Chemist: 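Quick one: the structure is below, questions incoming.
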Amino acid sequence: MKKNQETILKFCLIFKISICLIYANSDFNQDSTNVIQPENIDPVLNYPGKPLLMSLVLPGSGQYYMKEPFWKPATFLGIELVSIISWISFNQRSDDVKNKY
């Protein structure tokens, strides 16, 4: 049972990383050759889904990128860390109970 969970976690991690790499390397900007831009202004085109992709890799990084107040990214990261630690702890407890039985 534990080997299956580890395998699933590895595949989830590989999937998240591969999706982020695919979207990070893609060109989401449209061809702007037909658009007339003033010479003194540099156009800044941001992909609106970038914070979402950043949060897939590290929870709270999307909020940090959007310059939200510090408590928001810290809350997302804290909840993620607490859930991972709890999950590991409860799995160890269940293995101990199963072995005692």
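Since this is a predicted model, take the numbers as computed values, not measurements. The first residue in the sequence is number 1, and the count goes up from there. Values below: every heavy atom of this structure, side chains too, minus hydrogens, waters and symmetry copies.
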Chemist: Do side-chain atoms of Ser83 reach the backbone of Glu80 as a donor and acceptor pair under 3.5 angstrom?
Modeler: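 Checking the backbone N and O of Glu80 against the side chain of Ser83, a donor-acceptor pair under 3.5 Å is found.
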Chemist: State the CD1-CD1 distance between Ile84 and Ile79, to the nearest 0.5 angstrom.
Modeler: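 The CD1 atom of Ile79 is 12.0 Å from CD1 of Ile84, to the nearest 0.5 Å.
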Chemist: Using 0.5 Å steps for rounding, measure from the CZ atom of Phe76 to the CG atom of Leu81.
Modeler: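 The CG atom of Leu81 is 13.5 Å from CZ of Phe76, to the nearest 0.5 Å.
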Chemist: Taking all atoms of both residues into account, what is the closest heavy-atom pair of Gly60 and Pro73, and its distance?
Modeler: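 Here Gly60 and Pro73 meet closest at O-CB, 3.1 Å.
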Chemist: At what distance, to the nearest 0.5 angstrom, does CD of Gln63 lie from CE of Met54?
Modeler: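 That separation rounds to 10.0 Å.
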Chemist: Say whether, by atom type as modelled, one donor and one acceptor occur between the side chain of Ser86 and the main chain of Val82 under 3.5 angstrom.
Modeler: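 Side chain of Ser86 to backbone of Val82: a pair is present.
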Chemist: Measure the spacing between CD of Glu68 and OH of Tyr65 and express it to the nearest 0.5 Å.
Modeler: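 If we round to the nearest 0.5 Å, Glu68:CD and Tyr65:OH are 13.0 Å apart.
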Chemist: Quick one: pull up NZ in Lys50 and OG in Ser61 and give me the separation to the nearest 0.5 Å.
Modeler: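 Nearest 0.5 Å value for the NZ-OG distance: 10.5 Å.
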